[in-house]
Protein chains: 2
Amino acid sequence: MDYNGVCMLSFCGQDNGTIDANGRVKFSPRIFSDFKEKCDCEVVLHALPEGALAVYPEDIYSNMRRGEAKPAESAGGSLVFRRNLRSFGAFSSSERISAQGRITIPPAFRERLGLVPNNEIVVVGVEIGVEIWSIELWSEELSKIDEHAIEKGEREMAADLVINNGG
Amino acid sequence: MDYNGVCMLSFCGQDNGTIDANGRVKFSPRIFSDFKEKCDCEVVLHALPEGALAVYPEDIYSNMRRGEAKPAESAGGSLVFRRNLRSFGAFSSSERISAQGRITIPPAFRERLGLVPNNEIVVVGVEIGVEIWSIELWSEELSKIDEHAIEKGEREMAADLVINNGG
DNA sequence: CTTGTATTTGGATTTATATGGATTATTTTG
DNA sequence: CAAAATAATCCATATAAATCCAAATACAAG
C-alpha cells in the first residue's frame, strides 16, 4: 500500500540520520514505504565514484547493467573488459531492507564513502532510488551542483546576446 | 539454495581475509553460496597478468576459452596462438572448493601474485566469478579504477556546459 | 618394503560479531 | 492535551570468524 495515500512522487526529499554502532542506516517511513512498494525491499547497493552509496530497486539496477554482452567470452582477452566487471562487481551488492526499515552498509564500502558507525548521514531521494551520503560529502556535492548550474546559466545568457539571423 | 533469499547479483562485493599457514583462503558465506549454486564448487583458477588470481566456475572458463577456436589446427602455424595456449595452460588449474568454503592456492601461483601464507588478501566479486588479490596490489588496482572514473565524470560535466543549439 | 616423520587436509570448538526484535522515550498530529 | 506514530536504545539470538586439533596422506629413511 502507498504511504498515507500520497504516492505520486517516489524517492524524493532529503532525510538526515545516523549510522548505528553496527553500520546500519534506518530509512524514513516515506522512503521505506517506497521500497516496499517498488521492490519488496530487495535492493542493490552501489558505491558511486563521487562518494555516495546508491540504493536502487533490483530491477532498476538490472536495466542499468543490461547490455554487457557475453561477459565470459570477453573477459579472457581484454583488460578493459575485466576492469569493467571489477568496477561493477566490487562496488555492488544485493541486500534486503529489514522489517524495521534498516539496511547494513557492507564494511568494504564504509571507509571509502565516509559511512562509518556513528556518523551523520543524509538519505537523498533521486527519483529512481536513493543515495546515502556522509554529511560532509553531501554538502560538497551540493556546492558542485550549484556551481555547475550557475555557470551553465551564465553561458546560456551570454549565448542569448548573440544575434542569430537564422532564428 | 540462494543466500538469505537475496540472489539477484552473484559474485559481488569485496571481502577482506587472510591466507592461512597452509596457503588456504576461505570465502565469505555469500560467495561460497554462489559457487555452490553455480558450479557445485568446481572451479578453475587462472593467474591474470595484472596480478590477481581469478576463480571462475568451470563452465564460465570454458566459454572464455571457446573464443579461441580450433586450437589443434591453429597451433602448428602460429607463434601468437601457441603462446596464448601456453599462458592459459601454464597459469590455469582446476580446483574444488572444500565443504568449509576453503580453497588452496597452488604453490606455483603464490609468489607471482603475492599470495603467500599469512598475507592479507581481498576477494573481489567480478560478476562472473571472483578474483583474489593481495591487499597491496588491490589498492593499486583500485586507484587506477578510481582515477579513470573521476576523469570520465569530469569530462562528462564539462561537455554539459557547452551550449548545444541542436538540443 | 616397512616404518617413522612431516605435511596437509578437513572438521570441531570457541570466541566474537552482527542481526532482528522488543522496549522505552520522543515527537508529531489532530 | 491526548493519542498515535516515529525514533532511539538495548538485549537475546543467530551467525560467522578464528583457532585449534585429529585424521589422513604423502614422503623419506632405514
Side-chain angles (χ1 to χ4, degrees), chain A residues 1-6 13-37 40-43 45 53 55 93-111 115-123 125 130 132 135, chain B residues 1-7 12-37 40-43 45 55 93-110 115-123 125 130 132 135:
Chain A
M1 185 51 189
D2 55 352
Y3 186 74
N4 267 357
V6 179
Q14 295 173 41
D15 299 308
N16 286 76
T18 55
I19 305 193
D20 76 6
N22 298 319
R24 297 181 292 186
V25 168
K26 180 165 187 159
F27 291 119
S28 68
R30 181 182 295 269
I31 296 295
F32 185 27
S33 167
D34 287 338
F35 277 119
K36 277 190 281 199
E37 184 192 330
D40 204 29
C41 294
E42 305 285 351
V43 298
L45 307 184
L53 183 72
V55 186
S93 173
S94 284
E95 299 287 337
R96 139 172 292 279
I97 299 169
S98 79
Q100 302 91 66
R102 290 188 293 202
I103 198 162
T104 301
I105 315 292
F109 295 169
R110 293 180 195 172
E111 298 288 329
L115 299 177
V116 296
N118 303 312
N119 266 27
E120 305 246 331
I121 57 101
V122 184
V123 176
V130 302
I132 303 176
I135 199 160
Chain B
M1 183 52 188
D2 54 352
Y3 185 77
N4 264 358
V6 178
C7 59
C12 61
Q14 299 169 50
D15 299 307
N16 286 77
T18 55
I19 305 193
D20 76 6
N22 299 318
R24 296 181 293 184
V25 168
K26 180 164 189 159
F27 291 118
S28 69
R30 257 181 130 101
I31 296 295
F32 184 28
S33 166
D34 287 338
F35 277 119
K36 276 190 282 199
E37 185 192 329
D40 205 29
C41 293
E42 304 287 350
V43 298
L45 307 184
V55 186
S93 160
S94 280
E95 299 287 335
R96 140 169 292 277
I97 299 169
S98 80
Q100 301 89 62
R102 290 188 294 204
I103 198 164
T104 301
I105 314 292
F109 293 164
R110 293 181 193 173
L115 299 177
V116 296
N118 303 313
N119 265 27
E120 305 245 331
I121 57 100
V122 184
V123 176
V130 302
I132 303 175
I135 199 161

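Note on naming: letters A, B, ... go to the chains in the order of the sequence lines (proteins, then strands), and numbering restarts at 1 for each one. If you're wondering where the values come from, they're calculated on a predicted model, not measured in any experiment.
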Quiz prompt | With B:D15 via side chain to side chain donor-acceptor pair (under 3.5 Å) - residues at least two apart | solution = B:S28
Quiz item: Taking only residues two or more places apart in sequence or in another chain, which ones pass side chain to side chain donor-acceptor pair (under 3.5 Å) with B:D20?
Solution: B:R24
Quiz item: Once you round to the nearest 0.5 Å, how far does CG of A:L115 lie from CD1 of A:I19?
Solution: 4.5 Å
Short N/O separations, protein against nucleotides 6-10 of chain C, under 3.5 angstrom:
{"residue": "C:dG10", "atom": "N7", "partner": "B:R24", "partner atom": "NH1", "Å": "2.8"}
{"residue": "C:dG10", "atom": "N7", "partner": "B:R102", "partner atom": "NH2", "Å": "3.1"}

Quiz item: Who passes side chain to side chain contact (heavy atoms under 4.5 Å, CB included) against A:S98, sequence neighbours left out?
Solution: A:Q100, A:R102
Just the rounded figure in Å: distance from [atom2] of [N] to [atom1] of [X].
X     : N      : atom1 : atom2 : answer
A:N16 : C:dT27 : CG    : P     : 15 Å
A:K26 : D:dA5  : NZ    : P     : 15 Å
B:R30 : C:dT19 : CZ    : C1'   : 14 Å
A:D15 : C:dT28 : CG    : P     : 13 Å
A:D20 : C:dG21 : CG    : C1'   : 14 Å
A:R96 : C:dG20 : CZ    : C1'   : 13 Å

Quiz item: Of all residues at least two apart in sequence or in a different chain, which pass the salt bridge (charged side-chain N to carboxylate O under 4.0 Å, His left out) check with A:R110?
Solution: none
Quiz prompt | Partner residues of B:F27 under the ring-ring contact (aromatic ring centres under 6.0 Å, His included) criterion, sequence neighbours left out | solution = B:F35
